[in-house]
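Report on the structure given below.
For ligands, and for the atoms within them, numbers begin at 1 and follow the listed sequence. For reference, positions follow the sequence shown, starting with 1.
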Amino acid sequence: MPATVIVGTQWGDEGKGKFTDLFAGSVDSVVRYQGGHNAGHTIVTDGESFALQLVPSGILYPGVTPIIGNGVVVDPRVLLEEIDMLEARGIDTSRLLVSGSAHLIMPYHHEIDRLTERYLGKNQLGTTRRGIGPAYSDKASRIGLRVQDLLDEKIFTQKLEVALREKNLILAKIYNRLPVEPEKVIENYLGNYAPRLAPRIADTVSLVQRRYREGRQILLEGAQATFLDLDHGTYPYVTSSNPTAGGACTGSGLGPRQIDAVIGVAKAYLTRVGAGPFPTELNDAAGDLLVERGHEFGTNTGRRRRTGWFDLPMLRHAAGVNSLTELAITKADVLDAFEEIRVCVGYEVGDDYTEDLPYHQSDLHKARPVYKSFPGWRREIGGIRAKEDLPSELRAFLAFLEESGGVRVSRIGVGPDRDQFIEL
Ligand code: GDP
Ligand code: IMO
Ligand code: MG
């Protein structure tokens, strides 16, 4: 499998980091293709935990080239802090490369993200306030600064001036804030960040194409997930990039026919951070138990995640838009304590019943889930490594998801550690 995409099939935090790390051991390069430090990808090896925001989850292997692709938005301060954190923990980061075409998150992006959320009041999206949306907006408006601009003082200064003309008006006239001083930004970005990042800035598109031609294996690591996708997610409660598999092409520079496997990652239940529709949400003791057993607090922002039952129409939709070739189901162990496990098989919308994801936002908000119930297995599965040893109740649950979801379940996670998974 020369190029494989790993994509979240729900609302994020499915365990993409864990599975990327798992596959990274046998590949040449791992490319993050979109998002920014709104992501939090956790890898646990021998009980030691690494929470990554920008650095691809292949970093722990000495032979892998981790690449931050052109589709990512990069806050250089955060990236350098992450590099320092990894180096302090004995991880060699010398192979890490950043695309010169990736866009920079600037200080005013953070501020505008925070202010926009505040002014939205009760309609706020619950963004991570990391400046992601404003940075992608500037990219689309063609007033963004790119990583390669750090290498050219004149261009950087010129582009910053152009951007600040608009940003400082917005900050002053709309939000009554102090203007951003260009000198300070230049001092930080060109004085502090550029010299440290310069050796890592590369034409990563040519690099991945070259490596692909040489027959080397490339893993494309998605951040966020299908239902946070700007086009395919629950708009406007989405992120500002395309986590779906198509985004892996635009965000890395590989073409669609160069990708031969798309691995979806799903939790055995659902979580969501931030606002937006969530038909199977549980606001009861079962929901609390999922939070407690699954440690459902954001890797990145520490926010409590909303929890609910697995949603089959969502899986089928994700299988289609990502052309999934297989599915990894994580956190099955979190369900160990449940007597009954539910799966949403369709929705009632008004007087109608549908097994498709309601296309209209108003219908999705009103959709009442219809469940199929499964008996729980009521025993710990964290130590199991062979599929034959899995409880029959869990195998029945997985077989149903596979058959009704229309995608092969190839692996399940039975705990956070790197070796806590089972091949099916
Ligand atoms: P990502 O954003 O998709 O990479 O996922 P996160 O790292 O934000 O959240 C997933 C959380 O679940 C992390 O704390 C992982 O260590 C943990 N995790 C991953 N797979 C499993 C699993 O199979 N079982 C359990 N109990 N935890 C898991
Ligand atoms: P990983 O890669 C879960 C959510 C935010 C908010 C919405 C928009 O770890 O799965 P943004 O800051 O992107 O403009 O926020 O998207 N969100 C995530 N939720 N996991 C993530 O990343 C997320 N990245 C963004 O909570 O609802
Ligand atoms: Mg996460």
Nitrogen or oxygen atoms of [X] and ligand 1 under 3.5 Å apart:
X	result
Gly12	no
Val44	no
Gly415	yes

Could you tell me if any non-hydrogen atom of [X] lies under 4.0 Å from any atom of ligand 1?
X	result
Gly8	no
Gln420	no
Arg305	yes

Testing the 3.5 Å rule here: is there a donor-acceptor pair between the side chains of [X] and [Y]?
X	Y	result
Thr244	Asp229	yes
Thr234	Arg272	yes
Thr330	Glu14	no

Nearest-contact summary for [atom] - protein heavy atom, Å:
atom	result
atom 27 (O) of ligand 2	Val273 O, 3.0 Å
atom 15 (C) of ligand 1	Thr42 CB, 4.0 Å
atom 20 (N) of ligand 2	Asp13 OD1, 3.2 Å

Taking only heavy atoms of [X], which atoms of ligand 2 are found under 4.0 Å from at least one of them?
X	result
Ala223	2 (O)
Gly12	3 (C), 10 (O), 20 (N)
Gly274	27 (O)

**Study point:** Trace of the side-chain hydrogen bond (donor to acceptor under 3.5 Å, both in side chains) decision for Asn322 with Thr226
**Key:** CA-CA 8 Å; Asn322 294 297; Thr226 304; 3.0 Å; yes

**Study point:** Arg89 atom CZ: more than 12 heavy-atom contacts under 6.0 Å
**Key:** yes

Review point. Is Asn176 atom CG crowded by more than 12 heavy atoms from other residues, nucleotides or ligands, each under 6.0 Å away?
Key: no

**Study point:** From Leu164 atom CG to Ile170 atom CD1, the distance as rounded to the nearest 0.5 Å
**Key:** 11.0 Å

Shortest heavy-atom approach to [atom] - which of [options]:
atom	options	value
atom 11 (C) of ligand 1	Lys331, Glu14, Lys18	Lys331
atom 7 (C) of ligand 2	Val73, Thr299, Val238, Thr301	Val238
atom 4 (C) of ligand 2	Thr116, Val265, Leu228, Thr42	Leu228
atom 25 (C) of ligand 2	Arg303, Arg32, Gln224	Gln224
atom 9 (O) of ligand 1	Val7, Leu52, Asp13, Thr271	Asp13

Review point. If only atom types and distance count, is the side chain of Thr307 paired as donor or acceptor with the main-chain N or O of Gly287 below 3.5 Å?
Key: yes

Which of the numbered atoms in ligand 1 are below 4.0 angstrom from a heavy atom of [X]?
X	answer
His41	1 (P), 2 (O), 4 (O), 7 (O)
Gly40	1 (P), 2 (O), 4 (O), 6 (P), 7 (O), 8 (O)
Gly17	4 (O)

Practice item. Test the Lys372-Phe400 pair against the cation-pi criterion, namely NZ or CZ under 6.0 angstrom from the six-membered ring centroid and within 45° of the ring axis. Key: yes

Check your understanding: Honestly, is Arg411 close enough over Phe19, meaning NZ or CZ under 6.0 Å from the six-membered ring centre and within 45° of the axis?
Key -> no

Check your understanding: Pick one: which of Glu221, Gln53, Arg32 meets side chain to side chain donor-acceptor pair (under 3.5 Å) with His41?
Key -> Glu221

Exercise for review: Would you check if the Mg ion (ligand 3) lies under 2.8 Å from any N, O or S atom of Gly12?
Suggested key: no

Practice item. Please confirm whether Gly40 comes within less than 3.5 Å of ligand 2 when only nitrogen or oxygen atoms on both sides are compared. Key: yes

Review point. Closest to the Mg ion (ligand 3), which N/O/S atom of Asp13 is it?
Key: OD1

Review point. With a 4.0 Å cut-off on heavy atoms, does Trp11 reach ligand 2?
Key: yes

Check your understanding: Is there a heavy atom in Arg130 that sits closer than 4.0 Å to ligand 2?
Key -> no

Practice item. Using a 4.0 Å heavy-atom threshold (strictly under), name the region of Val414 that reaches ligand 1: side chain, backbone, both or neither. Key: backbone

